[in-house]
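One structure is given here, and the rest of the page talks about it.
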Amino acid sequence: MVLFGFFEGSGSPPQRHAAAAHRRRESLTMEERYSPQDIEGRWQQHWQDQGLFRVEAVPGRPKYYLLEMFPYPSGKIHMGHVRNYTIGDVVARYKRMAGFNVLHPMGWDAFGMPAENAAIANNTHPARWTYENIAAMRAQLQRLGFSYDWERELATCRPEYYRWEQWLFIQMYKQGMAYRKESYVNWCETCTTVLANEQVEAGMCWRCGRPVRQKKLAQWFLRITDEAEDLLLHCDRLPGWPEKVLTMQKNWIGRSEGAEIQFAVADAEATITVFTTRPDTLFGATFMCLAPEHPLVAELSAGTDQADAVAAFVERIALQERSARALETYEKEGVFLGRYCINPANGRRMPIFTANFALMEYGTGAVMSVPAHDQRDLDFARKYDLPVVVVVQPEGEALEADALGEAYTGPGKMVNSGAYDGMDNEAVKQAIVADLARKGQARPTVSYRLRDWGISRQRYWGAPIPMIHCPHCGIVPVPEDQLPVVLPEDADLLEGGRSPLGALERFVNTQCPVCGKQARRDTDTMDTFVESSWYFERYCSPRYEQGMFDPAAVAYWMPVDQYIGGVEHAILHLLYSRYFTRVLKRFGLVGYKEPFTRLLTQGMVCKETHRCPAHGFLFPEEIDEAGCCRRCGHPAEVGRVEKMSKSKKNVVDPNLLLDQYGADTTRLFCLFAAPPERDLEWSDQGVEGAYRFLNRVWRLVYAWQGRIRHAAAYDGPLADLDEPLRALFQKTHQTIQRVTHDIENRFHFNTAISAVMELVNQLGSLSAENEAADSQTDAVVRAAVETVVVLLSPMVPHICEELWRTLGQTHSVLEARWPQWRADALVVDTVTVVVQVNGKLRGRFEAPAGTAEEELKRMALADAKVASFVGDKPVRKMIVVPDKLVNIVV
RNA sequence: GCCGGAGUGGCGGAACUGGUAGACGCACGGGACUCAAAAUCCCGCGGGGGCGACUCCGUGUGAGUUCGAUUCUCACCUCCGGCACCA
């Protein structure tokens, strides 16, 4: 595996440059050997010095905005990043060579909890930790040779960035798009802090191990549900998005048509409003369930003999982790409130329960329970022995309430439903709501699974919410001229992870902008998804100081033409970004609704796992030559292929790969091993293969460069060429066509690369020493070799840049124009026609292209092998696909 | 449970709109070069049968449509992903 014993891999680009130059002076043969470490740093430096990746908006010039999801600065890039950014870089470089003005930026999603955790664990500060990580990761990305315009780099934790989302938040507040409401958070009493869902382990705090309870806090919400309908509608107008992602978004929005129906409470003024998608089953509603958090629960049970039982139940549910309520094993249970409500359809007295499966966040928090036609209600009814009434009878069947094993949810005719009996239940859905609406007891509504977006985080490392709480004036936004509300970067983190902002007097204490008296700042910070919902717009004018972005720059660059990232963001990040874009449009800041025209979700990077029965997962170096665990000698089992992760010990460190093989080999393997949307299975031997291929290309160029360095690429008539030059020239143009299609239409770089490999193989059959030393040979080979270098350059830019110069070029290969295939060079004059008999392949023959059908039939029947299968059976029919196939049916 | 996606050699993967299944690469086997090895180059490589020309089978399973199906339809099996008491 050690390929470059003489090379010190960690040297910075300038050092490497000097070392390489030194070696060149020593020995000329060094140049003929492919040594990525000698060339990659040099070209990276060159690209940077020449400012080749810098871009400016040029109105009127066709633009292409290529964006990869920016990373969280965890400290190290991993193979997932390498793959994601390599795919993006190929497209960026390709589009640029194809003549577009390409925006290809990179930055950092720099706020978030890991920084706080790391800060506590390592006794450092989130800001310092973050900025150091950014520096380290930037260096890694630069080593991979990505074509980013680094002058547009941004980090969301910078006040110059988040000041504008604070500004936007205030505008949204003024328009009622941001509002405050009580909501529950996971709360650890011991640590006095909120916990994210992933910090709750089996209902206990991850740090202190004490039970987590649900605490009600006033928090800020954004009215994303106002856009639910539009977000859903436009899912069908995003043809450039994967169907899978759109389906996930649609499901997440979860639109349900139904009605709100009002139930009067017996012996009280109160009314309970339910949401139902099945108003047709109203006559079958036999009891009512309220969410434990429903305000009427305490109110109605007060004074009944059930009051204590209800209170105890509500308290017990509050203690349960919210995610636990979604578990499959979670048993439905409830408590009778001691009160009844009246079914508006038939006057039936329905007992009211509070039940753990009723969710306060959905619909109205109240459910009319129809056990005959809803499985959940049926389970509950059987458990508490509540009446079951069948109101929808399926065709040709007679359901009996007492014998009902499972709820019937299909269509049918109405029964037990008064005036509606005999009607189709679908028709009744509308009719019954219309009838009740006349009495003011119902209205048709639409409900969404999507909830408003809670953005308050009781965390330190985030953008402060720019609001002031004044004892006299209430909640007041920070005046715009006082923005940004800067997060104090020198605050000490408190034990247990509690945000220090609340205790930081100089941050909290302020004056009310309205009355001038003492007031307190909001000490919550914003969800980090807020930052990532508009960073793509900021990239268009990252240093702009008069607003979120320069309208002219955004008008030129946006929307993003191609967005690339992991499928794990298929819902939240992408939905929030789409929502934010709609908000910006409402404010007239942008002229479009959808930020990302095309989306590519790349697959995960996976690798085989190894485990020892005694020691669990093993790193490759923990296994000896015999395939046994080095610690106990037990044979290691080869586990399944899984996503690379530290815990599975199947990670590959990009740095080691760069040291050993260089950026081009790393990139090439990532592109070649699988098409981008599929999972990539890592293979050390595959990497070796990629490296071998680059060596072949290198040797190919050096073998010919003496002859073709000063030759012009052939561009004459095909007819002037004899074999094998003619075939080579045709192959060259076929390859241009295939590679262009594979990149342009599908991003299938694996097949693009294999096409170039075929061309390289064909070139390999000619030998620079033996081939006739005429100018025509040199010209055709020049065209082929040049094509190889140009076509590969978006994928493996360093080696191609080097070889491009070796071929005598003086400008960057990035500035070469993408080659065009010559249609006339693709025309073949002889085709292979296959012959089938009854659909089975029986023979083949060569024929001039464009041979007439009748002639092809004659030729097919003349084939001896074919004749033996046809025999003396009568030919019933012959199907001819011109230039391809003849099928004889006997 | 509901909704998606995918099952092709020893392996990763090709096959564009129904028309030569297995491109390209990896692994493996054989050969050349070498004192030897590495590197490189050449040849072979889905399975069964046959000395052989050949032949039969083969794209998860079973049906169907078709002259012809990896590709379209239906059912089933397996794996992966998303949602999961949403009323």
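First the proteins, then the strands, lettered A, B, ... as listed; each starts at 1. Computed from a predicted structure; not experimentally measured.
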Protein-nucleic acid N or O pairs under 3.5 Å, nucleotides 9-12 of chain B:
from	atom 1	to	atom 2	distance (Å)
B:G12	O2'	A:Ala673	O	2.7

(request) Under 4.0 Å between any heavy atoms, over every strand shown, what does A:Lys840 touch: base, sugar-phosphate, or nothing? Just pick one. (result) sugar-phosphate
(request) Before accepting this row, confirm whether a basic side-chain N of the pair A:Glu681/A:Lys607 lies closer than 4.0 Å to the acidic partner's carboxylate O. (result) no
(message) Show every salt bridge (charged side-chain N to carboxylate O under 4.0 Å, His left out) that has at least one partner inside residues 835-853 of chain A, sequence neighbours left out.
(response) none
(message) Just the rounded figure in Å: distance from P of B:A84 to CZ of A:Arg451.
(response) 9 Å
(message) Please give the distance between the C1' atoms of B:G46 and B:G58 as a whole number of Å.
(response) 8 Å
(message) Work out how far the C1' atom of B:C43 is from that of B:C80, and round it to whole angstrom.
(response) 40 Å
(message) Under a 4.0 Å threshold between the charged nitrogen and the carboxylate oxygen, would A:Asp236 count as salt-bridged to A:Lys250?
(response) yes
(message) Counting only side-chain heavy atoms from C-beta out, which of B:A87, B:A23, B:C3 sits nearest to A:Thr247?
(response) B:C3
(request) Identify all stems in which RNA chain B takes part, counting only runs of at least 3 consecutive pairs (Watson-Crick or G-U wobble, each distance under 3.5 Å), and give each as one range with another, ordered by first number. (result) B:1-7 with B:77-83, B:10-12 with B:24-26, B:28-32 with B:40-44, B:46-49 with B:54-57, B:60-64 with B:72-76
(request) Identify the two heavy atoms, one from A:Met368 and one from A:Leu282, that lie closest to each other, and give their separation to 0.1 Å. (result) SD-CD1, 3.6 Å
(request) With side chain to side chain donor-acceptor pair (under 3.5 Å) as the test, would you mind laying out the steps for A:Asn761 and A:Arg696 before giving the verdict? (result) CA-CA 9 Å; A:Asn761 288 346; A:Arg696 290 186 71 195; 2.8 Å; yes
Is there any protein nitrogen or oxygen under 3.5 Å from a nitrogen or oxygen in nucleotides 65-67 of chain B, and what are the pairs?
from	atom 1	to	atom 2	distance (Å)
B:C67	OP1	A:Lys877	NZ	3.4
B:C67	O2'	A:Asn887	ND2	3.4
B:C67	O2	A:Asn887	ND2	2.3

(request) Enter syn or anti for the glycosidic conformation of B:G47, syn applying to angles within 90° of 0. (result) anti
(request) Look at A:Glu758 together with A:Arg738 and state whether they make a salt bridge at an N to O cut-off of under 4.0 Å. (result) yes
(message) Ignoring hydrogens and geometry beyond distance, is a side-chain donor-acceptor pair present between A:Tyr661 and A:Glu688 at under 3.5 Å?
(response) yes
(request) Nearest whole angstrom, please: distance from the C1' of B:A84 to the CG of A:Asn251. (result) 11 Å
(request) For the pair A:Phe747 and A:Phe749, name the ring-plane relationship: parallel under 30°, tilted 30 to 60°, perpendicular over 60°. (result) parallel
(request) Give a yes-or-no answer on whether the side chains of A:Arg578 and A:Gln249 include a donor-acceptor pair shorter than 3.5 Å. (result) yes
(message) What is the separation between atom CZ on A:Phe357 and atom P on B:C85, rounded to the nearest whole Å?
(response) 12 Å
What pairs of nitrogen or oxygen atoms, one from the protein and one from nucleotides 40-45 of chain B, lie under 3.5 Å apart?
from	atom 1	to	atom 2	distance (Å)
B:U40	O3'	A:Arg699	NH2	3.3
B:C41	OP1	A:Arg696	NE	3.3

(request) Can you label the angle between the A:Tyr576 ring and the A:Trp453 ring as parallel, tilted or perpendicular, going by 30° and 60°? (result) parallel
(message) Parallel, tilted or perpendicular: which one describes the rings of A:Phe529 and A:His573, with boundaries at 30° and 60°?
(response) parallel
(request) State which of B:A87, B:C83, B:C26 makes the closest approach to the side chain of A:Ile571. (result) B:C83
(message) Could you tell me how far B:G22 sits from B:U8 if I compare only their C1' atoms? Round to whole Å.
(response) 8 Å
(request) Considering only atom C1', compute the distance from B:C57 to B:A23 and round it to an integer number of Å. (result) 23 Å
(request) With RNA chain B as reference, determine whether A:His748 or A:Arg844 sits nearer its 5' end, using the nearest nucleotide of each. (result) A:His748
(message) Tell me every residue that passes side chain to side chain donor-acceptor pair (under 3.5 Å) with A:Glu260, counting only those two or more places apart in sequence or in another chain.
(response) A:Arg443
(request) Considering only atom P, compute the distance from B:U59 to B:C72 and round it to an integer number of Å. (result) 15 Å
(message) Please check this pair: side chain of A:Asn750 against backbone of A:Ala673, looking for a donor-acceptor N/O pair closer than 3.5 Å.
(response) no
(message) The side chain of A:Phe275 is closest to which nucleotide in this list: B:G82, B:A84, B:A87?
(response) B:A87
(message) What's the gap between B:G7 and B:G12 when it is taken at their C1' atoms, as a whole Å value?
(response) 15 Å
(message) Could you tell me how far apart A:Arg842 (CZ) and B:G68 (P) are, to the nearest whole angstrom?
(response) 14 Å
(message) Taking 4.0 Å as the cut-off, does a side-chain nitrogen or oxygen of A:Arg449 come that near to OP1 or OP2 on B:A84?
(response) yes
(request) Give the rounded distance in Å between these two atoms: CG of A:Leu246 and C1' of B:G5. (result) 14 Å
(message) Please check this pair: side chain of A:His748 against backbone of A:Pro675, looking for a donor-acceptor N/O pair closer than 3.5 Å.
(response) no
(request) Could you state the atom-to-atom distance from CE of A:Met795 to P of B:C24 in whole Å? (result) 17 Å
(request) Classify the side-chain pair A:Tyr448/A:Glu229 by whether it contains a donor and acceptor separated by less than 3.5 Å. (result) yes
(request) Could you tell me the separation between the CD atom of A:Glu293 and the P atom of B:A87, rounded to a whole number of Å? (result) 18 Å
(message) Could you tell me how far apart A:Leu694 (CG) and B:C26 (P) are, to the nearest whole angstrom?
(response) 12 Å
(message) Between A:Gly363 and A:Glu243, which residue's closest nucleotide on RNA chain B lies nearer the 5′ terminus?
(response) A:Glu243
(message) Base of B:C86, side chain of A:Arg255 - is there a donor-acceptor contact under 3.5 Å?
(response) no
(message) Using atom P in both nucleotides, what's the gap between B:A69 and B:A21 to the nearest angstrom?
(response) 11 Å
(message) Side chain of A:Val881 only, heavy atoms from C-beta on: which candidate in B:G19, B:A87, B:C85 is closest?
(response) B:G19
(request) Can you figure out which of B:C56, B:A87, B:G4 approaches the side chain of A:Phe869 most closely? (result) B:C56
(request) Compute whether any side-chain donor of one residue and acceptor of the other, for A:Thr609 and A:Asn650, lie under 3.5 angstrom apart. (result) no
(request) Quote, to the nearest angstrom, the C1' distance that separates B:A38 from B:G50. (result) 41 Å
